[in-house]
Amino acid sequence: MSYRPNNSLSEEVLEHTKVNSAGCYQCGKCSAGCPLAEEMDYTSSMVMRMLQTEDKAIEKELLKSQSIWLCSSCEMCISRCPMSIDIPKVMDYLRQKSVKEGLQNKTADKNIVAFHRSFLDMIQLTGRSYEPGMIMDYKLRSKDFFQDLTMAPKMFSRGKLPIFPESVKNRKNIQDIFKKSKKESI
Amino acid sequence: MKKKLGFYPGCSLEGTSREYSESVISLAKRFDIELEAVPDWNCCGASSAHNLNKILSLALPARILAQAEKAGIKEILVPCAACSNRLITTQHELFEEPELKKEVEETTGMSLSAPIRILNVIQFIQEYIVPELPNKKVNAFDKKVACYYGCLLVRPHDILQFDRLEDPQSMDEIMKTSGAEPIDWPFKTECCGAGLSLSRSDLIGKLSGKIVNEATERGAEAIIVACPMCHANLDMRRPVINKYMGKKLNIPVLYITQVIGMVCGLSPKDTGIKRHLVKVNIN
C-alpha cells in the first residue's frame, strides 16, 4: 500500500484510479451538463467537493448516496471538464467501494445494483448476456414482477427474445475469470 | 478481391437488436466484405462490470481481444457503441499500464502481444462502404433525419480521437451521401439513459423522451442511431416515452446500416426493419 498521510477517500481514489479530485475548482460545468443531475442527491461537482473535504462522515455520506448509482457513465462530464478529471472513473471506484463496505444506497440496491448483479450473474453462468434469463433474475431480486410484462409478447413476435441462451464453449475460462476477479478486486 | 474483417457482434446483436446484426451482415455482403466473428466470444461486461468490479471489467474485454488475436484478426468491426467503447478503453489502459496488463492476463489466462485496430460502425462505413457507395446506390433516402450519436460513439475522446466531442458530423456526412437531409439539433450526444433501461425505466421516459420529442419538433422523419442500447431506449421504450411526454410520438428509429442497406436495395428482410416496435413507414 502506498503512503496516504490523511488516509482519505480522495487519496484512495487517486491511488486506484490515478484521478486527482483535488484538481476540481468547482466550475460546475459537469453538473450543468449531466443528464441525470436533477435526479441526484449530490451532483458530480458536489461529489468532487465532498472528496476534497477528506472528512470521514462526509465520505461515508457519499458512499451511501444514490448519485453514484444514477450516474450512467455517459462521459458528458469529462468531455466538458476544463481539468479533464475522469469523473466516471471516480464514480466506478466509489460504487465498487460502496458495495465492498456494504454501504450501498438502499433504494438503488433494490433496482440499479440489483440489475448489475443480475447482469453479471448471467455472464458468469453462460459467458454471454441472455436477456430473458437476466430479466427473470432481476425480477426476483427487485421483486418488481409486473414492470415490462406487456412488452414481452411484442418483443417475442419480432424475434427479439431468443428462446435459448447462447453460451460460450469455454465456460470454465469465464468462471475462472470471475473467481480470480472477485479475489483481486478492492 | 474480397476484403476480410474481424467481427465482434456482442450480446445485444444476438438478441434484442437482431436487426442491427442482420443489417450489418447484409451490408458487408453487398460490399464483398467477409466478416469473421471472434471465435467463442464472450460478453464485454457492458455497463455492469465496471460498476462493480474493475478487474472483471477489464478481463472480459481482454479475453475477447485475446481470442481475436489468436484467430489472427488485426482489424475488427464492433457495431455496438457500448462494446466498442469497452474494448477500446480496455486495450488502451492495458497497453498503457504494463502492471495492470499483467494482472489482467493472469486473470484471463491469455496474453496480448499487440493492440489491434478496433472500428466502430461509423469508421467502418466511412472506410469500407462510402467509397463504393456510388456504384451500389439504387435509391435515395430523401428524408429529413436526426442523427443521434449517443454518448459512447464519440467518447472517450482522448483515446478514440474520433469526430467532434459535441456536435459530431460523421453520421450527418454519411447520411448526406445516402440522399438524406440531416437536421441541426442539440441532442446528438445527450444520454438516452443507457443501462438504466430496466432498473429505472421511468428515467428512460424522461431522458429519451426529450431526445425523441426534440427530433420530432425539428421536423425529422427518422432518428438514425448506431448503438443497440440507444435503439432499445428510443424504440422499445416508446410507451414510457409517450407517457412521460404526454403525447404519442411516432417517429421511427433506424440503424445507420439499415438506411444504407435500403439505399443499396437490400430487402426489408435483410435490413430487419420489420422487427422494430415503432413502425417504420419509410420505403
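Letters A, B, ... are given to chains in the order of the sequence lines, protein chains preceding strands, and every chain is numbered from 1.
- Using modelled atom types, no side-chain atom of B/R63 and backbone atom of A/I177 make a donor-acceptor pair closer than 3.5 Å.
- For B/L56, the parts lying near chain A are the backbone and the side chain together; criterion is any non-hydrogen pair under 4.5 Å.
- For the pair A/R158 and B/E19, the salt-bridge criterion is not met [side-chain N within less than 4.0 Å of a carboxylate O].
- Note on A/K169, A/M122, A/M91: by heavy-atom pairs under 4.5 Å with chain B, the leading option is A/K169.
- Judged by distance alone, the side chain of B/N42 and the main-chain N or O of A/R128 form no donor-acceptor pair under 3.5 Å.
- For the pair A/M155/B/M236, a side-chain contact is recorded, criterion being any heavy-atom separation below 4.5 Å from C-beta on.
- A donor-acceptor pair is defined here as one N or O able to donate and one able to accept, closer than 3.5 Å; no such pair exists between the side chain of B/N51 and the backbone of A/W69.
- Heavy atoms closer than 4.5 Å to chain B are found in both the backbone and the side chain of A/S129.
- There is no contact between B/Q67 and chain A, counting heavy-atom distances below 4.5 Å.
- Atoms CZ and OG, from A/F119 and B/S199 in turn, are 12.0 Å apart once rounded to the nearest 0.5 Å.
- Heavy atoms closer than 4.5 Å to chain A are found nowhere in B/R238, neither backbone nor side chain.
- For A/K89, the part lying under 4.5 angstrom from a heavy atom of chain B is the side chain only.
- B/S57 contributes atom OG, which lies 7.0 Å from atom CD of A/Q96 (distance to the nearest 0.5 angstrom).
- Here the straight-line distance linking atom CG of B/L203 with atom CG of A/L70 works out to 6.5 Å at 0.5 Å rounding.
- When each of A/E166, A/K154, A/E38 is checked for heavy-atom pairs under 4.5 Å with chain B, A/E38 comes out on top.
- With hydrogens and angles disregarded, no donor-acceptor distance shorter than 3.5 Å links the side chain of B/K54 to the backbone of A/T17.
- Both the backbone and the side chain of A/R117 have a heavy atom closer than 4.5 Å to some heavy atom of chain B.
- Looking at A/E75, the atoms closer than 4.5 Å to chain B (heavy atoms on both sides) sit in the backbone and in the side chain alike.
- Heavy-atom pairs under 4.5 Å with chain A peak, among B/S12, B/A59, B/G150, B/S48, at B/S48.
- With respect to the salt-bridge test (charged N to carboxylate O, under 4.0 angstrom), the residues B/E93 and A/K18 do not qualify.
- Only the backbone of B/K274 comes within less than 4.5 Å of a heavy atom in chain A; its side chain stays farther off.
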Checklist entry - What do the steps show when you test B/L196 against A/L36 for side-chain contact (heavy atoms from CB on, under 4.5 Å), and what is the final call? => result CA-CA 11 Å; B/L196 296 169; A/L36 286 147; 4.0 Å; yes
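- Few gaps surround CD on B/Q161; more than 12 heavy atoms of other groups in view lie less than 6.0 Å from it.
- Proximity to chain A is absent for every atom of B/H157, based on heavy atoms less than 4.5 angstrom apart.
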Checklist entry - What do the steps show when you test B/W41 against A/V168 for side-chain contact (heavy atoms from CB on, under 4.5 Å), and what is the final call? => result CA-CA 7 Å; B/W41 58 268; A/V168 166; over 6 Å; no
Item to check | From CA spacing to verdict: side-chain contact (heavy atoms from CB on, under 4.5 Å), B/H50, A/S73 | outcome: CA-CA 10 Å; B/H50 67 82; A/S73 305; 3.2 Å; yes
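- Looking at A/Y130, neither its backbone nor its side chain comes within 4.5 Å of chain B, counting heavy atoms on both sides.
- Annotation: B/K101, atom NZ; neighbour count of heavy atoms from other residues, nucleotides and ligands within 6.0 Å is above 12.
- Only the side chain of A/V99 comes within contact range of chain B, judged by heavy atoms closer than 4.5 Å.
- Contacts with chain A were tallied for B/K210, B/R18, B/R275; B/R275 has the most, counting heavy-atom pairs under 4.5 Å.
- Proximity of a side-chain donor or acceptor of B/R155 to a complementary backbone N or O of A/S79 within less than 3.5 Å is not detected.
- For the atom pair B/L60 CG and A/S181 OG, the distance stands at 7.0 Å (nearest 0.5 Å).
- Rounding to the nearest 0.5 Å places OG of A/S84 at 6.0 Å from CG of B/D158.
- A side-chain contact (heavy atoms from CB on, under 4.5 Å) with B/C43 is found for one member of A/T126, A/I123, A/L120 and no other, namely A/I123.
- B/R200 places no side-chain N or O within 3.5 Å of a backbone atom of A/I112 that could act as its donor or acceptor partner.
- Between the CG atom in B/L207 and the OG atom in A/S72 there is a gap of 7.5 Å [rounded to 0.5 Å].
- Between chain B and the options A/M76, A/E39, A/H116, the largest number of non-hydrogen pairs under 4.5 Å is found for A/H116.
- Taking B/V154, B/T189, B/L152, B/L277 one by one and counting their heavy-atom pairs under 4.5 Å with chain A, the maximum is reached by B/L277.
- Annotation: side chain of B/L52 is not in contact with side chain of A/R95 (no heavy-atom distance under 4.5 Å).
- Contacts between A/N173 and chain B at a heavy-atom distance below 4.5 Å involve the side chain alone, from C-beta outward.
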